[in-house]
Each structure stands twice: as structure tokens, then as C-alpha cells.
Amino acid sequence: MDRRSVLGAGAVLGAVMVVQPNAAWAADDQMRPPSDAELTAARALFEAGAYDRLAGALPLLLAGAEHGVQTGPGGAARATGVWVLASQLAVKQGRTGAAGVYAGLAGAAARRSGDALVLAAAARAAATPLRRTGRPGQALDLLREAIVQLTSASRPGTAELDAAGMAALTASYTAAQAHLRTAADDFADEAEQTALRLERLPHPVGRPYQLTADQCVLYRIGIHRQLGDIDTGLAYARRLNPGRLSTAERRARAATDIARTLLDAGDTAGAFAQLCLVEDAAPAEARRPSVRALTTRVAERRPGLPGLAAYARRTTAATNMPSW
């Protein structure tokens with residue numbers, strides 16, 4: 001595989017719509033590189049499921065990223081973070097083509113940064129549009145490379161282990177979608193072993209791990225559903241405590257994956273109950289195209305479920321999300 005064809009797709013962005021900045025993005029010079037504080041604030045919006053607000057802030061950050069990538073490794077790392085977020089948000093919006101373009105820009109910037117952690121983030125961002133466009137093998141190659149780079153040291157640090165475990169979870173889900181059962185199980189096992197290893201190491205102050213036992217259980221639900229193991233997926237769903245997931249986006253993702261698994265098992269009422277939890281965790285998640293499609297499937301099977309018609313009206317209402 002030509003790695004440059006995936007992470008090096010650094011096509012120049014077209015004209016970027018600039019919106020008036022506010023809060024953490026207030027600046028006189030709209031073309032300056034994004035700061036660490038701005039990138040942290042943008043990530044917090046994504047984790048909170050505040051996708052409309054993030055979409056409003058992204059044009060300014062994207063314009064700054066184009067300039068920041070030229071300022072050195074640090075600027076390239078921050079630019080990668082912006083383009084990773086843009087790719088992740090495009091995935092949420094069902095815009096696979098845009099997600100792939102932003103992931104390509106992230107990969108090109110990540111290589112300029114020379115940072116294995118940044119490269120791993122770019123690889124994970126690239127995996128979703130790759131598998132959605134029928135290229136799971138390329139996604140798995142990127143993720144394997146990222147894991148190797150992160151763990152090649154004799155004693156990788158906690159940040160490297162955290163990132164490697166998350167890359168392994170992404171690889172497991174990617175393999176499951178491609179019906180590569182052995183690879184999916186191997187990657188999931190690797191992530192779980194890494195999570196156990198992290199639990200025994202000193203925890204860095206103020207920086208929670210993404211990789212936790214609960215995160216692994218969450219991924220297992222979707223992995224086994226993709227493999228057709230509905231009963232196993234439901235068994236993992238019963239083990240999951242969504243309250244221990246650290247962000248609203250993750251809690252909404254858990255409810256979505258459980259809803260899909262329950263619907264596949266024939267429990268339409270249970271699936272709708274989970275969709276209500278999606279809306280409770282992050283209302284914007286319930287308005288995502290893929291989740292609206294799931295709501296439509298529920299309505300087709302049980303149109304008379306109490307509360308379903310009102311839920312469908314709320315979650316299919318048009319949103320005023322900026323285009324970028």
C-alpha cells in the first residue's frame with residue numbers, strides 16, 4: 001500500500017468561509033495558527049456533542065491550520081488536531097468524502113510533526129472514511145503502523161500506550177466491518193491487555209486516558225454486532241456502565257450501538273429506549289443522518305410506540321449548521 005495515497009492526500013482546501021469568532025476563538029488576526037487553548041476548546045465541543053458550535057468555530061481554525069502547518073513541528077501537530085476534528089465532525093454529519101479529505105490533510109501535517117502520537121491520531125481519523133469507501137485493508141495498514149511506532153520503545157510511556165490501545169480498538173472495529181474475525185478479536189484483545197497495563201501505571205494528573213476497560217466494552221458491542229454475534233454484543237452491552245464513559249459523545253455512541261444491536265435482536269422497544277438515551281446524552285447525536293436512519297427503522301417496525309412520533313419530529317428537525 002502507498003501510505004502517501006492515504007495520509008498524504010494533502011489537497012489544498014478551497015476557500016474557507018470565515019465566521020466571526022467568539023469565546024476562545026476571539027482574535028484580531030483570523031489567519032494566525034490555532035493555539036493549544038483553542039484546539040483544547042474545540043475538542044471539548046466535540047466531546048460534549050456540541051457539533052453546531054464546533055462547526056461554527058471550525059472555519060477560523062481551518063484557516064489558521066493552513067498557516068500553522070508551515071511554522072514547524074509544533075504548528076504541524078496543532079494543524080493535525082484541527083484537521084482530525086474536521087474529519088471526525090464530517091463523519092458525524094455523514095460527509096464521508098469531506099472526512100477523507102480532512103484526514104488526508106491531517107496525515108500530511110502529522111508527518112511534518114514527526115510525532116508518533118500525532119501520526120496515530122491521523123491514522124485513526126483516516127480509518128473511518130477508508131472503511132466507508134471499501135478500503136479497510138489500507139486503514140488496517142495505517143493503524144498497524146501507528147501501533148508499531150507507538151510501542152517500539154522498550155518502555156513506552158502512558159501516552160503512547162493510551163494511543164496504541166485506541167488505535168487497536170479502531171483496528172478491531174475496522175476488521176470486524178470487513179468480517180476479518182481473527183484480526184478483530186486479536187486487536188480487541190490487544191487493546192484490553194493495554195488497558196489493564198495502564199491501570200497498573202501511575203496516572204498523569206489532569207489527563208484522563210481515552211483507553212479504559214469501559215471503552216473496550218463499548219467497542220466490543222459494535223465489533224460483535226459487525227461480526228454477526230448479536231448475543232455476544234448484547235452480553236457486552238449488559239456489562240457496560242455508560243456513566244463511567246468520560247464524555248457525552250461516548251455515552252451517546254454507546255446508546256447508539258446498543259440500539260442497533262437490540263434492533264438486530266428484534267427488541268424494537270428496547271432500541272427506542274436507547275435512542276432516547278442518545279438524545280439525553282447529546283441531542284445533536286440523535287440528529288445525525290445515521291441515527292435518524294436508525295429511528296426510521298424503529299418507526300417502520302413499531303410505529304405506535306409511545307413517544308416515538310414526537311421523538312422522530314424532534315430529531316429530524318432541520319438544523320442551522322454552518323457549511324465549511
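One is the number of the first residue; the rest follow in order along the sequence. When reading the values below, keep in mind they use all heavy atoms of this one structure, side chains included, and skip hydrogens, waters and symmetry mates.
- Put simply, CG on L45 and CZ on R53 are 5.0 Å apart, with the number rounded to the nearest 0.5 Å.
- Grouping the Ile, Leu, Val, Met, Phe, Trp and Tyr side chains by contacts below 4.5 angstrom, directly or via other members, places L262 apart from Y219.
- Contact annotation: the side chain of P136 never approaches that of H179 to less than 4.5 Å [non-hydrogen atoms, C-beta and beyond].
- Atom CG of residue D267 and atom CZ of residue R301 lie 10.5 Å apart, to the nearest 0.5 angstrom.
- Note on E285 versus K92: salt bridge recorded, some NZ/NE/NH1/NH2 to OD/OE distance being below 4.0 Å.
- The backbone N or O of A168 sits nowhere less than 3.5 Å from a side-chain atom of S172 that would complete a donor-acceptor pair.
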CA sep, side-chain torsions, deciding dist, call: D257, L218, side chain to side chain contact (heavy atoms under 4.5 Å, CB included): CA-CA 8 Å; D257 282 358; L218 166 56; 4.1 Å; yes

Using side chain to side chain contact (heavy atoms under 4.5 Å, CB included), reason through R131 and Q138 one step at a time and then give a plain yes or no. CA-CA 8 Å; R131 68 183 180 235; Q138 292 185 11; over 6 Å; no

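- L234 and I223 fall into different hydrophobic clusters, defined by Ile, Leu, Val, Met, Phe, Trp and Tyr side-chain heavy atoms under 4.5 Å apart, directly or through other members.
- By the criterion of side-chain heavy atoms lying less than 4.5 angstrom apart, applied directly or through intervening Ile, Leu, Val, Met, Phe, Trp or Tyr residues, I258 is grouped together with I230 in one hydrophobic cluster.
- For residues 234-247, the side chain to side chain donor-acceptor pair (under 3.5 Å) pairs, not counting sequence neighbours, are D214-R244.
- Separation of atoms CG (L308) and CZ (R302) is listed at 9.5 Å; rounding is to 0.5 Å.
- Proximity of a side-chain donor or acceptor of S87 to a complementary backbone N or O of A99 within less than 3.5 Å is detected.
- For the pair R253 and F46, the cation does not sit on the ring face, since its NZ or CZ is not both under 6.0 Å from the ring centre and inside 45° of the axis.
- Residues L117 and L198 do not share a hydrophobic cluster, clusters being chains of Ile/Leu/Val/Met/Phe/Trp/Tyr side chains in contact below 4.5 Å.
- The minimum heavy-atom distance between V298 and A271, with the atom names listed, is CG2-CB, 4.2 Å.
- Looking only at distances, no side-chain donor or acceptor of E279 sits under 3.5 Å from a matching main-chain atom of C276.
- Here the side chain of D162 pairs a donor or acceptor atom with the backbone of L211 at under 3.5 angstrom.
- When every heavy atom of A42 is checked against every heavy atom of L61, the shortest pair comes out as CB-CD1, 3.8 Å.
- To the nearest 0.5 Å, atoms CG (L161) and CG (L201) are separated by 6.5 Å.
- Heavy-atom minimum distance, A110 versus T80: N-OG1, 3.1 Å.
- Here the CD1 atom belonging to I147 is positioned 7.5 Å from the OG1 atom belonging to T151, to the nearest 0.5 angstrom.
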Apply the test salt bridge (Lys or Arg N to Asp or Glu O under 4.0 Å) to residues E38 and R43: give CA-CA distance (whole Å), side-chain angles for both, the deciding distance (0.1 Å), then the verdict. CA-CA 9 Å; E38 288 167 334; R43 285 187 186 130; over 6 Å; no

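- Residues D264 and R225 meet the side-chain proximity criterion, which asks for heavy atoms closer than 4.5 Å.
- Annotation: side chain of V82 is in contact with side chain of L39 (closest heavy-atom distance under 4.5 Å).
- The main-chain N or O of R287 is found under 3.5 Å from a side-chain atom of R292 such that the two form a donor-acceptor pair.
- The closest donor-acceptor contact from the side chain of R181 to the backbone of L227 lies under 3.5 Å.
- Across all non-hydrogen atoms, the minimal contact from A191 to G165 is CB-O, 3.6 Å.
- In this structure, the side chain of R144 does not engage the main chain of A139 through any donor-acceptor pair within 3.5 Å.
- Residues L169 and C216 form a side-chain contact, since some pair of their non-hydrogen atoms from C-beta on lies under 4.5 Å apart.
- Considering only heavy atoms from C-beta on, Q70 comes within 4.5 Å of R112 through its side chain.
- A donor and an acceptor atom, one from each side chain of Y51 and Q93, are nowhere located under 3.5 Å apart.
- Put simply, the side chain of Q215 gets close to the backbone of Q210: a donor and an acceptor are under 3.5 Å apart.
- Take F272 and apply the ring pair (Phe, Tyr, Trp, His ring centres under 6.0 Å) test, not counting sequence neighbours, and it matches Y311.
- Within the 3.5 Å criterion, the main-chain N or O of T232 finds no donor-acceptor partner in the side chain of D229.
- Between the side chain of T71 and the backbone N or O of H67 there is no donor-acceptor pair closer than 3.5 Å.
- Inter-residue side-chain proximity for E66 and W83 is flagged as met; some heavy-atom pair is nearer than 4.5 Å.
- Residues V69 and Y102 share a single hydrophobic cluster, defined by chaining ILVMFWY side chains whose heavy atoms lie under 4.5 Å apart.
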I would like to know whether V278 and Q274 meet side chain to side chain contact (heavy atoms under 4.5 Å, CB included); could you show each step before the answer? CA-CA 6 Å; V278 173; Q274 290 295 319; 5.7 Å; no

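- Between A184 and A175, the shortest heavy-atom distance links the atoms N-CB, 3.6 Å.
- Annotation: the span from L130 atom CG to L142 atom CG amounts to 6.5 Å, rounded to 0.5 Å.
- Pairing each heavy atom of L62 with each of A86, the nearest pair is CD2-CB, 4.0 Å.
- No option in L140, T174, L180, T182 other than L140 meets the side chain to side chain contact (heavy atoms under 4.5 Å, CB included) test with F187.
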Would V148 and E145 count as a side chain to side chain contact (heavy atoms under 4.5 Å, CB included) here? Give the steps. CA-CA 5 Å; V148 169; E145 182 179 355; 5.8 Å; no

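- Side-chain contact, R124 with T170: a donor N or O sits under 3.5 Å from an acceptor N or O.
- For the pair R132/T128, a side-chain contact is recorded, criterion being any heavy-atom separation below 4.5 Å from C-beta on.
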